[in-house]
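Any value given below was found using the heavy atoms of this structure, including those in side chains, with hydrogens, waters and symmetry copies removed. In what follows, chains carry the letters A, B, and so on, assigned in the order in which the sequence lines appear, proteins first and then strands, with residues in each chain numbered from 1. Note that the structure is predicted; figures quoted are calculated from it, not measured.
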Amino acid sequence: MSEPQPARAPVIAIIDDEQDIITYLRVALEDHGFRVVATTDPASAPALLEQACPDLICLDILMPEHTGLALYAEIMGSPRLASVPVVILSGLNANDELLNQVWNTNNLPAPASFIEKPVDIEHLLRTLRAVLGQQVGVAP
Amino acid sequence: MTAVAWHPEWRAELVDQFLAGVMVLDRSLAIADHNRAFTEMFGEARGNKCYKVLKGRSEPCGICAAMSTFNDGRRRVLEQVGQDREGRPVNYLVQVGPLRDPAGDIAFTAVITTDLTATKRLQREYQALFEKVPCYVAVLNRDFRVVKANEQFRRTFGEPTGEHCHEMFKKSPERCAGCLVEQTFRDGEPHTAPHTGIACDGETTHYLAFTTPLLNESGEVRHVIHMSLDVTEVRALADELGRANEIRRALVESSLDAIAVTDEHRRVVMLNRAAEQLWGVSRDDLVGRTVPRWMLPAELAPVLKNEAEQELVHDARVSTASGVQVPARIGAVSLSVENRFSGAAVFAQDLRELKKLEREKLEAERLAAVGQTVAGLAHGIKNILTGLEGGMYVTSSGLKRGDQGRIRQGWEMLERNMSRVSDLAKNLLAFSRGDHPEPELVRPADIVHDVVTLFRDGAAQHGIELEGVVDDSVEPAWMDPEAIHSCLANLVSNAIDACLVSQDPGCRVELHLREADAAIIFEVVDSGCGMDYEVKQKAFTSFFTTKGKGGTGLGLLLTRKIVQEHGGSITLESTPGQGSTFRLRFPRARLPEPQGKESTS
C-alpha cells in the first residue's frame, strides 16, 4: 500500500497542541512516504527542529503559552532553520485579517503556504509536494 | 376817639420800631446814637468808633462810605460784610445819608444797616442746589436759548454761549417735535416727557425732561426751567433685562425638556411647550390653578411645599391628563427671591423615545452576538471535524494494514471527538436557553458571595487564594441571578485556570463588586499568566480556546451574551505574565425591566 520509499524520505516536522491532529497527520504522511517528527509542546519545538533538520515544518499558529507566532518568528530568525519552508495549519481562515496582520506587524516573511483546518489530506499532500518540489535536491 | 397831634420828639420812639439797625455817626466816625435793632445786631455801642463796632478794626476802613457822604453830601447804598456782637460774620446792606444842622452843614450821617445774612445763606444754598443737583438744569428764555445751566448740564452738554436748547441737548438745528418748553411758555404749566439727546462726547443720552415756568413780578412767564434726569443707565439695564428675558423665554419655550413653574401656593405660573406635550395639557387650562395631584410623582411634593431644596427622580412614571404612564426623568428645585420661598421649577425629560432606542440597541447587540456565535460555531466545529476525520483515517489505515495499535488509536480519537461534540451540544443548549433574562430583584453581593463560596475550596487545594472584595452598600438590582452567577462562575473558573498555568506560586484571584456612576461593576482579577495580543483579540469573538481539549471556547461567549442581555458591557485588561482583569459593567438604567413594568405607551 505504501509508496516506494525514495533514497531519502523527506522529513516533515509537525507542531500542534492537539495530539489528535498530530496522530492523524503522522499516520497519513507516513502512509505516503514521508518521515514525521512531531510535538504538542511548542516549548520543546526549537530543540526538536534543530536536531531533526526537517525538510518542511507544519505549524499551528494558535497555541497556548508559547504561541505559534512566537515560534514562527524564532524559526525565521534561526540561521539553520530560516531556509526551511513553513506551512501554517490553522482553524483561522486564510484570508483572515488577523492572520495577515501577524506577518505585516511583526515584519516577518510570509509562510510558504497556508492550510485551513479541517485538513483535507489530499490537499495537504499536494501542497507539501509542491512546496518541497521548489526546494533544490529534494523530491518525494 | 380824640385826634392827637404828632410830636416830632416821638421820632426816637419811631426809630426804635425799625427792624433795620440805625446809627448816627459824627465826623470822627464815633457812634452818637443808635436804635434798638442796632443793639440787637451789634450790641450797645454809643461813643465807640463805627469801624471798631461793625468790623472789629482799630483803623477806619480804606474806603469809608460815611466819610464820603460827609464830603459830598450824597446818599449811598452798598453791601458790607462785618461781624455781629458775638463776633460772627454778618452780611448787611448799608444806606448812608447826610444829617444837616440848621446852617445846612453835615454834622452827622445816618447809617441804616439791614441784615442780609439769612438771605445770603438762602441764596448760597439755592445756588449750591442748582449747581450740584444730579440733574441737567437749564434756564431758557422765550427764544429757547439757554441763559443759565448747572454743573452737570455743562459737563454733559457743554458751556452755553447763547445756543438754542435743541442745539445743546440734541445737536439739532430744529426745535423738537412736541417741545415741552414751548408748551410751558404757552400754558404756564409744568410738562414732562422722555427724550434722547447727544452729549458733547457724542454718546447717546436718555433723559426724562420736566419743564416748569419762572414768573416775573407781573406774573408773566419770562423764563422756563428745564430739568432732566439722566436715565441712560436705567435704559441700558432695562434693555439688557429685556434681552435676557427674551433669551430666557426662547430657551424655556424651545427646550426639549418639559418645564413648569409654580408659585409659593403651588399654583402653576408657567408651562412650556414640551410640558404641554408631556402632560397632554394646555397652558391656558392650567396656569393660575393649583398643580393637579396626578401631574407629579409624590417625591417632588416636599419641594413644592418648601420642605426640600431639590429632588431628582431618575426613573419616574409621569401620568398624562389621559392617565397614560410615561417613563421620565423628573426633578424639582425650589426658587427663592431675596431668601424668601417663591415657588418651584419642575423639569422633566420624556424617556419614551430613549427607552425605545435603548431596547432597539439591546436587540441589535443581541443579534450581533448571535451572528458572532454562528460564525464562531462553524470554526469550533472545524476542530472537532478534523479530529473525527483523523480518527476515521487512522482507524481505516490500521484496518488496511491489520495494525491493531493503529485501529485502537483511531478508535480513541473517534471516541474523544464524539464526546467533544456532545459537550459542544450541551453548551449550545445553554447558550440558546432563555432568549431573554428573567430578572429578579436581587442583591448583587449575594451572587458574589455564592460564587466565592463555590470555588474557594477547590482553588485553595491548588494553592490559589480566592477572595471576594464586596461593597455591601450596593443596592439590590433587577438581574437574572442564575445567569449572572454563571457569568461570574465562568470568569472565576478561567482565572483559576490562568493561575494554574502561571509560574508564580502565590497566585490570587479576586472577585470585586462596587458601584460607580449608577452602574454595578463586577471585576474578576487574577495574577495568573495573562494574555497576549492574539489571545485578547480572539477572546470574545469565536469558539476560541487555549485550553486544548479542556475547553469548548464557549464560556466567554456565553458570558458576553448574558452581559449584553443585561444591557451591560464586558472589558478585558491583560498583560502576559502579570494577570488579567475582566470587568462587567451594568448601568442601572439599562438593566432589564421587571415583567409587567413596561411602559403602556
I'd like to know if R401(B) pairs up with E30(A) as an ion pair, taking the criterion as any Lys NZ or Arg NE/NH1/NH2 lying under 4.0 Å from an Asp or Glu carboxylate oxygen. no

Sort and list the pairs that fulfil ring-ring contact (aromatic ring centres under 6.0 Å, His included) and have at least one residue in residues 38-58 of chain A, not counting sequence neighbours. none

Using only non-hydrogen atoms and a strict under-4.5 angstrom cutoff, which residues of residues 403-411 of chain B touch chain A? R406(B), Q409(B)

Atom pair [atom1] ([X]) and [atom2] ([Y]), whose distance is rounded to the nearest 0.5 Å:
{"X": "Y393(B)", "Y": "L25(A)", "atom1": "OH", "atom2": "CG", "answer": "10.0 Å"}
{"X": "D20(A)", "Y": "E412(B)", "atom1": "CG", "atom2": "CD", "answer": "9.5 Å"}
{"X": "Q19(A)", "Y": "R416(B)", "atom1": "CD", "atom2": "CZ", "answer": "7.5 Å"}

I121(A) vs E389(B), test: side-chain contact (heavy atoms from CB on, under 4.5 Å). Steps then yes/no. CA-CA 10 Å; I121(A) 288 299; E389(B) 270 178 22; over 6 Å; no

More than 12 heavy atoms of other residues, nucleotides or ligands under 6.0 Å from CD of Q51(A): yes or no? no

